[in-house]
K.L.:
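Quick one: the structure is below, questions incoming.
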Amino acid sequence: MSPEMTRLLLQATGDTLAMVAVAACLGTLFGLPLGIFLATSRRGELLAAPWLNGILGLVVNATRSTPFIILVVAIIPFTRLIAGTSIGLWAATVPLTVAATPFIARLVEAAIREVDSGLVEAARAFGAGPLTIIRKVLIPEALPGILLGLTLAVVSLLGYSAMVGAVGGGGLGDLGIRYGYQRFRPEMMLAVVVVLIVLVQAVQTIGERFAARLNRRVRRA
């Protein structure tokens, strides 16, 4: 592969990491509190609001069930409103964030629901309020599971970032399509695939190691 192609590959890798990092951070910022609320707001739970839980659940399920490539096209007006354009690196972070938020919310909800209900009852018996229980019991106990969920979300975002390249989002997907597919350079397509595999493996390994460490700390506590 020529030095120019190598330069383009490195730049595209940096663009992909940037858009995935921004989308993961924003998705966590919105998805974490949403997931906590979904996990604690059914009838009889800490923040009981079953009607609101039902509405938010429907919205989350509708967004998650929409194929990502269709979602990208469907929210183009919203993307233009937020980013000022529908193409390019930063425009791509809008649909990535929209896709990541409900996904992360459900992963957080599942992790929190796995916490032993006896811990919640014990905290209630000591007079702890709902917010205190969430902050000092549910989140610490569910943290290893939440971290594994976030790892899965980042891996999914890497795949989504490749798809968003099909509509001018930049990054490795855009490079693979423009230089690999349209210009008949199979070596570029192969290089893009190899880089994505390496990134996914690195994210998965790092996430699993941190989750294992947190899990050991929680058990010791």
Side-chain angles (χ1 to χ4, degrees), residues 20-68 70-72 74-75 77-79 81-82 93-157 159-160 203 207-208 210-219 221:
V20 168
V22 172
C25 289
L26 292 176
T28 302
L29 180 65
F30 299 133
L32 182 61
L34 178 59
I36 293 172
F37 181 78
L38 289 173
T40 58
S41 59
R42 292 180 184 176
R43 192 178 304 277
E45 294 182 333
L46 293 173
L47 303 176
W51 60 274
L52 184 55
N53 182 288
I55 293 173
L56 290 176
L58 286 174
V59 173
V60 166
N61 290 338
T63 306
R64 287 186 61 204
S65 62
T66 304
F68 180 68
I70 295 177
L71 178 67
V72 172
I75 66 169
F78 179 68
T79 301
L81 178 66
I82 299 298
T93 62
V94 177
L96 286 173
T97 301
V98 171
T101 298
F103 185 49
I104 290 174
R106 285 302 189 192
L107 293 172
V108 171
E109 179 188 8
I112 288 178
R113 289 196 178 280
E114 289 180 358
V115 176
D116 187 359
S117 60
L119 295 175
V120 176
E121 294 303 322
R124 277 178 164 172
F126 281 102
L131 295 180
T132 301
I133 293 174
I134 290 172
R135 183 166 52 89
K136 293 189 176 182
V137 178
L138 292 180
I139 293 179
E141 290 291 327
L143 201 53
I146 291 174
L147 184 55
L148 284 176
L150 292 178
T151 301
L152 178 59
V154 172
V155 169
S156 298
L157 283 174
Y160 289 161
V203 169
E208 288 177 353
F210 273 106
R213 289 180 182 179
L214 282 173
N215 196 28
R216 287 195 294 267
R217 289 181 182 178
V218 169
R219 289 181 178 179

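The structure presented is a predicted model; accordingly, all values stated were derived computationally and were not measured.
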K.L.:
For L107 and I146, run side chain to side chain contact (heavy atoms under 4.5 Å, CB included): C-alpha distance rounded to whole Å, both residues' side-chain angles, the deciding distance at 0.1 Å, then the answer.
P.N.:
CA-CA 7 Å; L107 293 172; I146 291 174; over 6 Å; no
K.L.:
Counting only pairs under 3.5 Å, give me each side-chain donor-acceptor contact of residues 116-134, with atom names and distances, residues two or more places apart or in other chains.
P.N.:
{"unit_1": "D116", "atom_1": "OD1", "unit_2": "G118", "atom_2": "N", "d": "3.0"}

K.L.:
If you look at every heavy atom in V203 and V154, which pair is closest and at what distance?
P.N.:
CG1-CG1, 3.7 Å
K.L.:
As an exercise, state the distance from OH of Y160 to CZ of F103, rounded to the nearest 0.5 Å.
P.N.:
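Reported value, rounded in 0.5 Å steps: 6.5 Å.
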K.L.:
Give the minimum heavy-atom separation between A100 and G27, together with the two atoms involved.
P.N.:
CB-CA, 4.4 Å
K.L.:
Closest approach of A111 and A142, non-hydrogen atoms and distance?
P.N.:
O-CB, 3.6 Å
K.L.:
Once you round to the nearest 0.5 Å, how far does CD1 of I104 lie from CG of L157?
P.N.:
6.5 Å
K.L.:
Going by heavy atoms in the side chains, are L147 and L143 under 4.5 Å from each other?
P.N.:
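No, side chains not in contact.
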K.L.:
Nearest 0.5 Å, please: how far is CD1 in I70 from OG1 in T66?
P.N.:
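So the gap between those two atoms works out to 7.5 Å.
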K.L.:
Would you say CZ of F68 has more than 12 non-hydrogen atoms from neighbouring residues, nucleotides or ligands within 6.0 angstrom?
P.N.:
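Buried by this count: over 12 neighbours within 6.0 Å.
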K.L.:
Distance-only check: which donor-acceptor pairs under 3.5 Å involve side-chain atoms of residues 28-55, not counting sequence neighbours?
P.N.:
{"unit_1": "T28", "atom_1": "OG1", "unit_2": "A24", "atom_2": "O", "d": "2.7"}
{"unit_1": "T40", "atom_1": "OG1", "unit_2": "I36", "atom_2": "O", "d": "2.8"}
{"unit_1": "S41", "atom_1": "OG", "unit_2": "F37", "atom_2": "O", "d": "2.5"}
{"unit_1": "S41", "atom_1": "OG", "unit_2": "N53", "atom_2": "ND2", "d": "2.7"}
{"unit_1": "E45", "atom_1": "OE1", "unit_2": "S41", "atom_2": "N", "d": "3.2"}
{"unit_1": "E45", "atom_1": "OE1", "unit_2": "R42", "atom_2": "N", "d": "2.8"}
{"unit_1": "E45", "atom_1": "OE2", "unit_2": "R113", "atom_2": "NH1", "d": "2.9"}
{"unit_1": "N53", "atom_1": "ND2", "unit_2": "L38", "atom_2": "O", "d": "3.0"}

